[in-house]
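Owing to the predicted nature of the structure, the values given are computational and were not obtained by experimental measurement. All chains are named by letter (A, B, ...) in the order of the sequence lines, taking the proteins before the strands, and each is independently numbered beginning at 1.
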Amino acid sequence: MSASLPDETIDPNAPVANMDYFMALEFKETICPVVQRYTDGLLAGKIIGHRCSQCGLVYVPPRGYCPIDVLETTEEDEVELADRGIVTNYTVVTPVQYYGQEATEPFAKVSVLLDEPGGMLSLQDVLEVPVEQVRIGMRLEAVWVPESDRTVEEIGNRSWGSADGCILGWRATGEPDVPPDQFNDRVF
Amino acid sequence: MSHQPCAIIGIGQTKHKKRRDDVSLPGLVREAAQRALDDAGMNWSDIDAVVLGKAPDPFEGVMMPELSMADALGAAGKPLMRVHTAGSVGGTTAIVAAHLIENGIHERVLTVAYEKQAEGNAQWGLAGGRSGGMGAGGIFAPWMRSYIQHSGAPEDIGWKVAVKDRKNALKNPYAHLQLKDISIEKVKESPMLWEPIHFLESCPSSDGACAMVLTNEDGAKRAPKPPAWVLATAMRSELGQFPGRDPVRPQAGVECAHILYDSAGITDPRAQIDVAEIYVPFSWYEPMWLEGHDIAGPGEGWQMTESGATEITGDFPVNPSGGVLSSNPIGASGMLRFAEAALQVRGAAGEHQVDDATVALGHAYGGAAQYFSMWIVGASLDAVAQNK
């Protein structure tokens, strides 16, 4: 939760007090069955969510429970979701060059409210649209990675990289924007 | 459950800086802790138990630091507890320590919180080591946009908060940023980091620590300086993401505030609280929390900022210390809010003292605006009743 302010510059002639030291730890996260169904779906070109039988809310990626009703959700609650939707919110990030950061230019991350039956994917990349043209209400469609190149290695149990490796990003469909009053209550 | 009053009799903090390379991690926490002990007129051996908080371990890459720092914290052979609630942790840590006193488990508790951001990279930590990490600002930016749109706030409100808190920091020798020439123009023209947040509307990255010594009524009588009394504490949390969640006014934040006010006997927070230290890491969070905790009505938080009500001289001063916008040792940032609130009601805030402050709010939030910790402190046990 921070930005580096250039309030104190480092004197190049000062004695070295700290050094960066990089180390690696390799591990494999064991994917739980409910996320496994989701990643299997992505590999097959489908976005799978769970719809709570009580409140009707759609969870994507599915979690196996509805936290609102405190109910377990199972394969019986699976719904195949649309790979098209609208931008309900976004930010344009000026990237910080931490170790491993590949982005160098400002990039947009958008929240996409999927078409019926619904579901919200957050922090999605936008393709082929200049960042200054990203806007609320814009209609988007998923750009899938070619089936033979899809991977789900980046997807973990905590929704890390919600569709990374299978959906490259989202591009504008060119359809007219949707007025915000039609989705004001579903922004997040 | 037996419940006895908890007093804050010692407060200490480090000078917060971008890089405290003059001290090690244990040295940093000791600096704050020693100052708190000195303030309380105590030695390390007087302490019964230590409660430590900091933000997630990947921020410095030192895992479970409470174990290796036990000696530095004077906790060898004593109960030592670590608290985790993301950015709100400093506040939660103080509350856990207060509960140990209130429930009669210990008589003298040292509570410490810290972050040494220069020895790691918080944005890397938050990104889980991946490219394309957005930092907390990237998560919060859309919510701020949503607040701006729905409240109709003019865009200069964020700039005003950024200037006010940095001017307050000039009155606080411990504050990291000392931006003597801060101005609306400078904030507005600083680079856009996470639209709509400019560089100067964002908190810095700091090394620093904060510590407090808490005790019961008997301990307060023996303390060399006037105590601050813990009048109420509250914690609430919710999931960071679920369909239909309102992250601009999270339900956990609303409920936490109401439980706090009820428990302190506060019916009109704006009138009965003299000063507030609120966790504002990005400028727009001042009006957002004023509304999100029902201090201001819907759409009225920004008007409090605009009218000058939140200045040190206003009727509801917010962050006279300079706040998170001026010093952000993440894990300590919440405890600093709690400690600064206590300094105010002790009349010990120095140049940033608010006149006649007897009831103060300390506030912290964390995660995806999903963890909330708050306390009300008073100059006396009946400070709220006297503040009608």
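- At a 4.5 Å heavy-atom cutoff, the contact between B:Met192 and chain A is made by backbone atoms alone.
- Proximity of A:Ser122 to B:Gln241: side-chain heavy atoms (C-beta onward) are separated by under 4.5 Å at one or more points.
- A:Thr94 places no side-chain N or O within donor-acceptor distance of the main-chain N or O of B:Trp194, the cut-off being under 3.5 Å.
- Residues of residues 40-58 of chain A that come closer than 4.5 Å to chain B, counting heavy atoms only, are A:Leu57, A:Val58, ordered by residue number.
- B:Ile197 does not touch chain A: none of its heavy atoms, backbone or side chain, sits under 4.5 Å away.
- A:Tyr90 carries B:Arg145 over the face of its six-membered ring, with the cationic atom under 6.0 Å from the centre and within 45° of the normal.
- Between B:Glu195 and A:Val131 there is no side-chain heavy-atom pair separated by less than 4.5 Å.
- At a threshold of 4.5 Å between non-hydrogen side-chain atoms, the residues A:Arg63 and B:Leu239 count as touching.
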*asked:* Quick one, B:Ile139 with A:Leu123, criterion side-chain contact (heavy atoms from CB on, under 4.5 Å). Give me CA distance, side-chain angles, the key distance, then yes/no.
replied: CA-CA 8 Å; B:Ile139 303 288; A:Leu123 308 182; 4.1 Å; yes

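- Checked against side chain to side chain donor-acceptor pair (under 3.5 Å), A:Arg37 has the following partners two or more places apart in sequence or in another chain: A:Glu78.
- Proximity of a side-chain donor or acceptor of A:Thr91 to a complementary backbone N or O of B:Ala141 within less than 3.5 Å is not detected.
- Shown here is B:Met64, whose CE atom has no more than 12 heavy atoms of other residues, nucleotides or ligands within 6.0 Å.
- Screening residues 132-144 of chain A for side chain to side chain donor-acceptor pair (under 3.5 Å), with sequence neighbours left out, gives A:Asp83-A:Trp144, A:Arg84-A:Glu141, A:Asp115-A:Arg139, A:Arg135-A:Asp177, A:Arg139-A:Glu175, A:Glu141-A:Arg171.
- The environment of NZ in B:Lys167 is sparse: at most 12 heavy-atom neighbours from other residues, nucleotides or ligands sit within 6.0 Å.
- In terms of the side chain to side chain contact (heavy atoms under 4.5 Å, CB included) criterion, residue partners of B:Ala252 (sequence neighbours excluded) are, by chain and number, B:Arg236, B:Glu238, B:Phe372.
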